[in-house]
2 protein chains.
Amino acid sequence: MKVNKYITIYKDMVRQIESGQRKAEDVLPSENDLCDQYGTSRETVRKALNMLAQNGYIQKIKGKGSVILDREKMRFPVSGLISFKELSETLGKETRTTVHRLGLILPPSEAAKELGTEADEKVWEVVRSRRIDGEHIILDKDYFVKKHVPLLTKAICEDSIYEYLEGELGLSISYAQKEIVVEPAGEEDRKYLDLGGFSHMAVVKNRVFLEDTSLFQYTESRHRLDKFRFVDFARREK
Amino acid sequence: MKVNKYITIYKDMVRQIESGQRKAEDVLPSENDLCDQYGTSRETVRKALNMLAQNGYIQKIKGKGSVILDREKMRFPVSGLISFKELSETLGKETRTTVHRLGLILPPSEAAKELGTEADEKVWEVVRSRRIDGEHIILDKDYFVKKHVPLLTKAICEDSIYEYLEGELGLSISYAQKEIVVEPAGEEDRKYLDLGGFSHMAVVKNRVFLEDTSLFQYTESRHRLDKFRFVDFARREK
DNA sequence: AAGTGGTCTAGACCACAAC
DNA sequence: TTGTGGTCTAGACCACTTC
């Protein structure tokens, strides 16, 4: 198993920071020191450090060094491209997933048409609700192009679809176009969730692509307004 | 004026893509070709291409080349770290800013305490509403540490504070921690905006930092629910 | 076999910060 | 002056795609 050096260094640094071994406002060893420590060249170390900076772990300051940033308020990363299972693991809350609908459909159906598939292209539809701390507050509607995902079962949908896609099927999920809007609650929202009087939902719409740029998934993650939170880290373009 | 080669290449490619000179699904010239075209080394070309990939312009495919992605649905970039003036320019809509309050305050005040300043540290407070296509739908509440921003005037706040900070004051705005939540509308929302019956607001909270990691601004951008839209591009971590 | 992007190296020169 | 990160180079080897 071939492992990239800069990925190794990146993960090692993330571990050190998240474990508290290195604290906010500490300065990392210099790039030259890190070259010695990891037995590699400077450009490779810099690749790892740039990933840390891009993801909000450090700030590089010319002439000084790389300072570790305070990520206290950066919990709950709905940001990026992360599955619900990965999310609930970092949250450490008691969660449960219920599958309400699972089957093959032929677009055009309301949301599946976002996939822009051919008329005879079959699509998996999955509707699930998420219970967190005893309340049903998220409704996830997923649509997968069958060409890329030949089989889906209830068991897979209750566990983690992404784990199955990447692990079992070997799909390389690469990037997503993400959109957040607020919409009136629909019939299914009212049917499957504890809406608590809210008339609208915060909706995260995702169009997910594979490495070869083919669109293979459209998702709507519908959150009860009072429980919705999205956290992100952004750098200013030069 | 020293200009970085890879920034030049990046901007040139962005221009070519956004002008339609290169279209979605086109393949860029190979990295070696680009080295010749720009008279530079491959690592420098790759730095530019990686920025393009990170920002959702292209997808690099091993053995094939760099494919231009369809950014049709990527308009309205509330994402990243962008000012309202920059935003409205890319939108091309008729907008107007009204300054409702501008002055120096001493925290702790409700929102300014997010800055975590000392008790005797003065803070600028700016409250502005944004009118888009004839409707007042956004309320922006900004708080700046006076130490970093000695003077603010009504004229500056009506134009672009960021332009002033980066241009006149020479501040290097570097990164931000961003949070999106939904909150009940407040007194000021009702006072300054056309709420149209909505009881809640979509709120984008920003904590903005300078290059030296000092926190200098806290912002709440409060949007009427039906007009709120946030678009982002995300890549999956390996 | 030829061309593509992915990783890695060893060195160079620069701008900035600290002493 | 020394040490830091920022940029750039010329070359190497690899894995993958295409022909």
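Letters go in sequence order (proteins before strands), and every chain restarts at 1.
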Asker: Quick one: which of D/dT4, D/dA10, C/dT4 gets closest to the side chain of B/Glu43?
Answerer: D/dA10

Asker: With a 4.0 Å limit, can you tell me whether A/Ser41 has a side-chain N or O closer than that to the phosphate oxygens OP1/OP2 of C/dG11?
Answerer: no

Asker: Calculate the interatomic distance between A/Leu34 atom CG and D/dT4 atom C1'; express it in whole Å.
Answerer: 12 Å

Asker: Among side-chain atoms of B/Gln217 and B/Asn206, is any donor-acceptor pair under 3.5 angstrom?
Answerer: no

Asker: Please say which of B/Thr8, B/Asp12, B/Thr44 ends up in a side chain to side chain donor-acceptor pair (under 3.5 Å) with B/Tyr38.
Answerer: B/Asp12

Asker: Starting at CD of B/Glu31 and ending at C1' of D/dT9, how long is that distance when rounded to a whole Å?
Answerer: 15 Å

Asker: Rounded off to whole Å, could you give me the CE-to-C1' distance for the A/Met51 and C/dG6 pair?
Answerer: 14 Å

Asker: Report yes if the side chains of B/Val126 and B/Leu152 come closer than 4.5 Å at any heavy-atom pair, otherwise no.
Answerer: yes

Asker: Less than 4.0 angstrom between a side-chain N/O of A/Ser30 and OP1 or OP2 of D/dT4, yes or no?
Answerer: yes

Asker: OP1 or OP2 of D/dT7 sitting under 4.0 Å from any side-chain N/O of B/Lys5?
Answerer: no

Asker: Which nucleotide, C/dG5, D/dT4, C/dC8, lies nearest any side-chain atom of A/Asn32?
Answerer: D/dT4

Asker: Taking atom P of C/dT9 as reference, at what distance in whole Å does atom CG of A/Asp36 sit?
Answerer: 12 Å

Asker: Indicate yes or no for a side-chain donor-acceptor contact from A/Gln59 to the backbone of B/Glu211 under 3.5 Å, with no hydrogens or angles considered.
Answerer: yes

Asker: Hey, mind stepping through B/Glu220 and B/Tyr218 against side chain to side chain donor-acceptor pair (under 3.5 Å) and telling me if it holds?
Answerer: CA-CA 7 Å; B/Glu220 280 189 18; B/Tyr218 172 75; 3.0 Å; yes

Asker: Between C/dG5 atom C1' and B/Asn50 atom CG, what is the distance in whole Å?
Answerer: 10 Å

Asker: Please state how far atom CG in B/Asn4 lies from atom P in C/dC13, giving the value in whole angstrom units.
Answerer: 19 Å

Asker: For the pair made of OH in B/Tyr38 and C1' in D/dT7, what is the distance, rounded to whole Å?
Answerer: 18 Å

Asker: Run the side chain to side chain donor-acceptor pair (under 3.5 Å) check on A/Ser214 and A/Asp212 step by step: do they pass?
Answerer: CA-CA 6 Å; A/Ser214 54; A/Asp212 64 357; 2.6 Å; yes

Asker: Can you find a heavy atom in the side chain of B/Leu151 that is under 4.5 Å from one in the side chain of B/Tyr164?
Answerer: yes

Asker: Nearest to the A/Tyr6 side chain among D/dG5, D/dT9, C/dC8, which nucleotide is it?
Answerer: C/dC8

Asker: I want to check one thing: is the phosphate of D/dC8, taken as OP1 and OP2, less than 4.0 Å away from some side-chain N or O of B/Thr40?
Answerer: no

Asker: For C/dT9, take OP1 and OP2 only and decide whether either is under 4.0 Å from a side-chain N or O of A/Arg42.
Answerer: no

Asker: Between the protein and nucleotides 17-19 of chain D, are there any N/O to N/O pairs under 3.5 Å, and if so, what are the atom names and distances?
Answerer:
none

Asker: Would you kindly give the CZ-to-C1' distance between B/Arg46 and C/dC8, to the nearest whole Å?
Answerer: 11 Å

